[in-house]
Amino acid sequence: MSTTSRPRPGRSASDRHPAPRTAVVVGAGMVGLATAWHLQEQGVEVTVVDREGVAAGSSWGNAGWLTPGMAMPLADPSLWTYGPRALLDPAAPLHVPVRFDPRLWSFFARFMAHATQRRWDRAMAALTPIDRVALDAFDELAAGGSLGHGVEAGTTPGPFTVAFEHAREARPFIRELEHVAAAGQTVPLRRVEPGERAHQLTDRVSTVLALEGQRFIEPGPYVHALADSVRARGGTVLTGLEVLDVEPGRLGACVFARAVHPDAAPHLARAGGSGASAAVGQDARGGGGPGAARGRESGSPAEREEGVVLRGDVVVLATGAWLPALAAPLGVRTRVQAGRGYSFTVKTDEPVETPIYLPARRVACTPYQGRFRIAGTMEFRGPDEPLQPRRIEAILASVRHLFQGVDLDDRHDEWVGSRPVTPDGLPLVGATRTRGVYVAGGHGMWGMVLGPATGRALAHLVTTGETPDEIRPFDPLR
């Protein structure tokens, strides 16, 4: 249950902060769509815009873990043990390419500066309030809230198998969970007896633990189900629109975009009556009343070069690793770096029933549509750089001797996704310096598990002006 700051004496919160009627949410991943869903709960008409499509970024190929007990700061003291290897070994779980890139090295220096126990403890204390409500937020999406049309995709409880080749490798993981528990979470962990071991683990694995109280999902299908729920509740989801700029307007905020796919404009033409107002054409900056949409016959190359404007009383930017391009001019100065993760799916001789985690290898595995998704690595590169095959080879080399009955050479769905990482390990959630424009991002590896709780809290802030305690430490202007 979230708590909020008390309004100051005098005018009521609603008087000082009139509730918006319409909103544009930029980004159709877990965080953006969850925010849209909860804005609908507050009576706001929403339009969601995305350059590529629903779950097109890091929401698709991740491991799908809903593990608040492991949602902790990424920069931990152990970085000083294996962090230098990231600069020398391209197969290391954490990798930074050696090249001239001042912005990348500036981020990495700040990231490493937060890898102390004192700073980790402080960041963990800041994450704990939202960690504690994370799973309840998924239950709320499933229930449908006041408008009905809940998310028709389930979450699956664990336990999670946590495996180590050597017994000594378990100590850092257990110590991390002890710090998580000290911050206020309950994280049940028990030793697995030999007869309970997952069939996919070889005899090279000496120590197996079971992490209870966590869940998992099939991430891409889940986020698509969330988008379907937003649509069923009256929202509009527009894809193929690249947002170029956000500016305050006379009656809210304006989102300036361009169509990057031929099928974007037909959707715009049908978006006139719901959520934000839309205008298409070379005079798009000039106006168009509420619900208006103008443009020539859709899909022509000339039209794709013309401007598109979406107007809403408020705008929420939830563009993941691409957040700085739109948010930095609005006063959000915290660096967001793409921390790229890789995954692929493989065939197994026997069905895999629960997720498997190999902490010493930084590899997370999950049952996925009848196959076994293997995900791992943290690679600091540009978000749009191509997939690096060596990173997949590094994952394979690190786990091949630990798995049996797993065909690691029958790989499908090879993928790289850019997770938005901040130096201090805390998300960026709240108002920018531009009136009516908010951001929700920077969750690092935890956007899936924290997305629904983030959306709920931010929707409360947007509609009431009151900041729930669970997002108070995530001020994007810090």
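Sequence positions, counted from 1, serve as the residue numbers for this chain.
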Between [atom1] on residue [X] and [atom2] on residue [Y], distance to nearest 0.5 Å:
| X | Y | atom1 | atom2 | value |
| --- | --- | --- | --- | --- |
| E152 | H224 | CD | NE2 | 15.0 Å |
| L428 | T334 | CG | OG1 | 5.0 Å |
| T319 | E242 | OG1 | CD | 11.0 Å |
| L310 | L238 | CG | CG | 6.5 Å |
| W415 | I392 | CH2 | CD1 | 11.0 Å |

Do [X] and [Y] touch side chain to side chain, with heavy atoms closer than 4.5 Å?
| X | Y | answer |
| --- | --- | --- |
| P20 | V462 | yes |
| L79 | L94 | yes |
| V332 | P476 | yes |
| W37 | V25 | no |
| M445 | L74 | yes |
| V260 | L241 | no |
| L211 | M70 | yes |
| T186 | R132 | no |

(request) Applying ring-ring contact (aromatic ring centres under 6.0 Å, His included), name anything that partners Y342, two or more places apart in sequence or on another chain. (result)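 With sequence neighbours excluded, Y342 shows a ring-ring contact (aromatic ring centres under 6.0 Å, His included) to no residue whatsoever.
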Considering non-hydrogen atoms only, spot the tightest contact between [X] and [Y] and give its length.
| X | Y | result |
| --- | --- | --- |
| A321 | P383 | CB-CB, 4.1 Å |
| V439 | L458 | O-CD2, 3.9 Å |
| R362 | S78 | NH2-OG, 4.0 Å |
| A198 | I356 | CB-CD1, 4.0 Å |
| I374 | C365 | CG1-SG, 4.0 Å |
| L330 | V246 | CD2-O, 4.1 Å |

(request) Not counting sequence neighbours, which residues clear side-chain hydrogen bond (donor to acceptor under 3.5 Å, both in side chains) with R381? List them please. (result)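 Partners of R381 by the side-chain hydrogen bond (donor to acceptor under 3.5 Å, both in side chains) criterion, ordered by chain and then number, come out as E379, E385.
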(message) Taking side-chain hydrogen bond (donor to acceptor under 3.5 Å, both in side chains) as the criterion, tell me which of E41, E140, H38 meets it with R456.
(response)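 Checked E41, E140, H38 against R456; only one passes side-chain hydrogen bond (donor to acceptor under 3.5 Å, both in side chains): E140.
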With distance as the sole criterion, is a donor-acceptor pair present between the side chains of [X] and [Y] under 3.5 Å?
| X | Y | value |
| --- | --- | --- |
| T239 | D50 | no |
| T155 | R215 | yes |
| T377 | H95 | no |
| D384 | W322 | yes |

Does [X] use its side chain to pair, donor to acceptor, with the backbone of [Y] at less than 3.5 Å?
| X | Y | result |
| --- | --- | --- |
| T422 | V336 | no |
| Q214 | G69 | yes |
| T47 | V24 | no |
| Q337 | F108 | no |
| D245 | F256 | no |
| T454 | L450 | yes |
| T345 | F372 | no |
| R371 | T348 | no |

(request) Give the intermediate values and the outcome of side chain to side chain contact (heavy atoms under 4.5 Å, CB included) for residues V230 and Q40. (result) CA-CA 8 Å; V230 169; Q40 291 176 311; 3.9 Å; yes
(message) Less than 4.0 angstrom from a charged side-chain N to a carboxylate O is my criterion; do E45 and R21 meet it?
(response)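 The answer is no: the pair does not qualify as a salt bridge.
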(message) Strictly below 4.0 Å, N to O, side chains only: are R361 and E169 in salt-bridge contact?
(response)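 Counted as a salt bridge, because a side-chain N and a carboxylate O are separated by less than 4.0 Å.
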(request) Please test R472 against E466 for salt bridge (Lys or Arg N to Asp or Glu O under 4.0 Å), starting from the C-alpha separation and ending with a verdict. (result) CA-CA 10 Å; R472 188 178 306 283; E466 300 173 347; over 6 Å; no
(request) Could you tell me how the ring of F173 sits relative to the ring of Y357: parallel (under 30°), tilted (30 to 60°) or perpendicular (over 60°)? (result)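 Perpendicular: the ring planes of F173 and Y357 meet at over 60°.
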(message) Ring-plane angle category for F107 and F111, please: parallel below 30°, perpendicular beyond 60°, tilted otherwise.
(response)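 F107 vs F111 ring planes: parallel.
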(request) Check the pair D76 / M124 against side chain to side chain contact (heavy atoms under 4.5 Å, CB included), numbers first and verdict last. (result) CA-CA 10 Å; D76 65 78; M124 189 66 242; over 6 Å; no
(message) Applying ring-ring contact (aromatic ring centres under 6.0 Å, His included) as the test, list every pair that has at least one member in residues 135-155; sequence neighbours left out.
(response)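 For residues 135-155: F138-Y222.
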(message) Check for me whether R419 meets the cation-pi criterion with W60, that is, NZ or CZ under 6.0 Å from the six-membered ring centre and within 45 degrees of the ring axis.
(response)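 Geometry flag: not set, cation outside 6.0 Å or 45°.
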(message) Applying the salt bridge (Lys or Arg N to Asp or Glu O under 4.0 Å) criterion to D424, which one of R478, R119, R110 satisfies it?
(response)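 Output: one option passes, namely R478.
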(request) Answer yes or no: are there more than 12 heavy-atom neighbours, outside E212 itself, under 6.0 Å from its atom CD? (result)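 Atom CD in E212 is packed in, count exceeds 12.
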(message) With a 6.0 Å cut-off (strictly less than), is the heavy-atom count around CZ of R333, excluding the residue itself, greater than 12?
(response)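 Check fails, neighbour count at 12 or below.
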(request) Test W65 against every option in F216, F160, W446, Y368 by the ring-ring contact (aromatic ring centres under 6.0 Å, His included) rule and name the one that passes. (result)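 The option that passes is F160.
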(request) Apply the test salt bridge (Lys or Arg N to Asp or Glu O under 4.0 Å) to residues R118 and D121: give CA-CA distance (whole Å), side-chain angles for both, the deciding distance (0.1 Å), then the verdict. (result) CA-CA 5 Å; R118 181 176 63 86; D121 289 340; over 6 Å; no
(request) For residues H114 and W120, establish whether the separation of their ring centroids is below 6.0 Å. (result)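 No - the distance between ring centres of H114 and W120 does not fall below the 6.0 Å cut-off.
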(request) Any chance you could lay out the salt bridge (Lys or Arg N to Asp or Glu O under 4.0 Å) test for R411 and E414, step after step, and finish with the verdict? (result) CA-CA 7 Å; R411 297 188 300 278; E414 290 189 346; 2.8 Å; yes
(message) Test salt bridge (Lys or Arg N to Asp or Glu O under 4.0 Å) on E218 and R373; report intermediate values, then the result.
(response) CA-CA 10 Å; E218 294 186 344; R373 173 170 280 174; over 6 Å; no
(request) List the steps and the verdict of side chain to side chain contact (heavy atoms under 4.5 Å, CB included) for Y438 and T35. (result) CA-CA 11 Å; Y438 301 79; T35 302; over 6 Å; no
(request) Decide yes or no on side chain to side chain contact (heavy atoms under 4.5 Å, CB included) for H412 and F344, but give the supporting numbers first. (result) CA-CA 6 Å; H412 296 180; F344 49 87; over 6 Å; no
